[in-house]
Amino acid sequence: MPAVTVENPLTLPRVVAPADAVARPVLTVTTAPSGFEGEGFPVRRAFAGINYRHLDPFIMMDQMGEVEYAPGEPKGTPWHPHRGFETVTYIIDGIFDHQDSNGGGGTITDGDTQWMTAGAGLLHIEAPPESLVMSGGLFHGLQLWVNLPAKDKMMAPRYQDIRGRSVQLLSTPDGGALLRVIAGELDGHEGPGITHTPITMVHATVAPGAEITLPWREDFNGLAYVLAGRGSVGTERRPVRKGQTAVFGAGGSLTVRADEKQDANTPDLEVVLLGGQPIREPMAHYGPFVMNTREELQQAFEDFQKGRLGTIPAVHGMSERGL
C-alpha cells in the first residue's frame with residue numbers, strides 16, 4: 001500500500017502553507033468502530049461519534065479492509081438504491097467491479113476511484129470480480145458519502161471513472177510526503193474528480209519523522225483519517241493511529257506528522273485529508289437515501305418500491321451475486 005507512488009517525491013511540485021497561515025487546532029480525535037457491510041466485508045466507520053456540524057458536507061466514510069481474503073471469501077454488496085448524494089469509492093489495494101442502472105460502471109483497481117452522483121436516484125452494485133473470488137487476495141479501500149445541496153438532490157445521475165494515474169501528485173519542500181489530490185484542489189493544484197459540493201480529498205503518505213503543514217481553505221472544514229501507521233496531528237502533536245479520525249478547527253493550515261518508528265508492515269503514515277464547504281441545510285438520512293426532509297425520505301422509499309429509481313440491467317462481465 002499504496003499503488004500510486006513515485007521513486008523521488010522531490011521531482012514533484014511542492015506545497016507548503018504560508019508562514020502567516022493560522023494553524024488549525026485539533027478539536028477531537030475519535031476511534032472508528034468495526035463492523036460489516038454488504039455481503040459481509042469488514043469496515044471501520046470512520047466518522048462514528050463525530051458531530052455532523054464538523055462533518056458537513058460529508059455524511060459517512062468506511063474503510064473497507066485491509067483484509068487478505070482466502071479463495072472463495074471476497075465479498076461485495078448486492079443491488080441497492082441511492083438518492084440525494086454522491087458516493088466516492090477509492091481502491092488502495094485489490095479490485096472492485098461497479099455497475100449501475102444509469103449505465104455507469106467499470107472495474108477499479110489499485111489507486112482508482114469511482115465517483116457516482118446518485119442525484120434523483122439509481123440502483124447499483126459493487127462486488128469483487130469472479131477471478132478475485134476464486135483466487136482470494138488483498139483488498140483495501142474507502143467509501144465516502146458526500147452530501148448534495150437541496151438544489152442538486154434531484155439532478156440526473158452521473159458516473160466518473162478516475163484512474164490512479166490521473167490524480168495530481170505533489171510533495172512537501174523536503175520530499176518527506178507524497179500527496180495524491182483525488183478531488184478538489186490543494187494550493188492551486190487540481191485533482192481529477194469533479195464535485196458538485198466544493199471539497200478537497202487528498203491521500204498522503206508521510207515518511208517516518210516527516211511533517212506536513214498544508215494550506216487549507218478557511219471556508220472548508222478539516223478532517224484527517226489514518227489508514228495505516230502512527231503519528232500526530234496539529235501543532236500540538238495530538239497522537240493518532242490507524243482507524244482514528246482527527247477533527248480540525250478553524251484556520252488556514254493543517255499539520256500532520258509521522259512518528260519516527262512505524263510498524264514493520266506499515267513503513268509510512270497513510271492518511272486521508274478531507275475538507276469541504278458546509279452546506280448548512282437540514283439533513284434527513286435513512287439507509288441509502290439522504291434528503292432534506294422526512295417527507296422527501298418517504299417519497300424516495302415509495303419511488304424505490306415502485307421501480308422509479310431504475311431497473312437492474314443485464315449483467316455485462318460482472319458476477320450475478322446479489323441479484
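Just so you know, these numbers use all the heavy atoms, side chains as well, and skip hydrogens, waters and symmetry mates.
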Could [X] and [Y] be called an ion pair, given the rule that one side-chain N must be under 4.0 Å from one carboxylate O?
X	Y	result
Asp259	Lys261	no
Asp56	Arg280	no
Asp303	Arg83	yes
Arg24	Glu218	no
Arg14	Asp174	no

Using 0.5 Å steps for rounding, measure from the [atom1] atom of [X] to the [atom2] atom of [Y].
X	Y	atom1	atom2	value
Arg308	Gln299	CZ	CD	6.5 Å
Ile59	Leu148	CD1	CG	8.0 Å
Met61	Leu274	CE	CG	5.5 Å
Leu297	Met283	CG	CE	10.0 Å
Tyr90	Gln143	OH	CD	15.0 Å
Phe248	His54	CZ	NE2	13.0 Å

Compare every heavy atom of Ser101 with every heavy atom of Gly310, then report the nearest pair and how far apart it is.
-> CA-OG, 4.1 Å
Can you tell me if CE on Met134 sees more than 12 non-hydrogen neighbours from other groups inside 6.0 Å?
-> no
Kindly check if the number of other-residue, nucleotide or ligand heavy atoms within 6.0 Å of CZ (Arg241) is above 12?
-> no
Please confirm whether the backbone N or O of Val233 pairs with a side-chain atom of Thr255, one donor and one acceptor, at under 3.5 Å?
->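 No, the answer is negative, given that no donor and acceptor are paired below the 3.5 Å cut-off.
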Ring pair (Phe, Tyr, Trp, His ring centres under 6.0 Å) between Phe47 and Tyr52, intermediate numbers included = CA-CA 9 Å; Phe47 296 161; Tyr52 181 65; 9.8 Å; no
Do Trp145 and His285 make the cut of ring centroids closer than 6.0 angstrom?
->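 Here the rings of His285 and Trp145 have centres that are less than 6.0 Å from each other.
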Could you label the plane-to-plane angle of the Phe289 and Phe301 rings as parallel, tilted or perpendicular, counting under 30° as parallel and over 60° as perpendicular?
->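 Aromatic pair Phe289/Phe301 classed perpendicular.
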Identify all side-chain donor-acceptor contacts of residues 179-187 below 3.5 Å with residues at least two apart in sequence or on another chain.
unit_1	atom_1	unit_2	atom_2	d
Arg180	NE	Val4	O	2.7
Arg180	NH1	His203	O	3.2
Arg180	NH1	Thr205	OG1	3.1
Arg180	NH2	Val4	O	3.0
Arg180	NH2	Thr205	OG1	3.0
Glu185	OE1	Asp187	N	3.4
Glu185	OE1	Gly188	N	2.7

Pairs meeting criterion salt bridge (Lys or Arg N to Asp or Glu O under 4.0 Å) with involvement of residues 134-148, two or more places apart = none
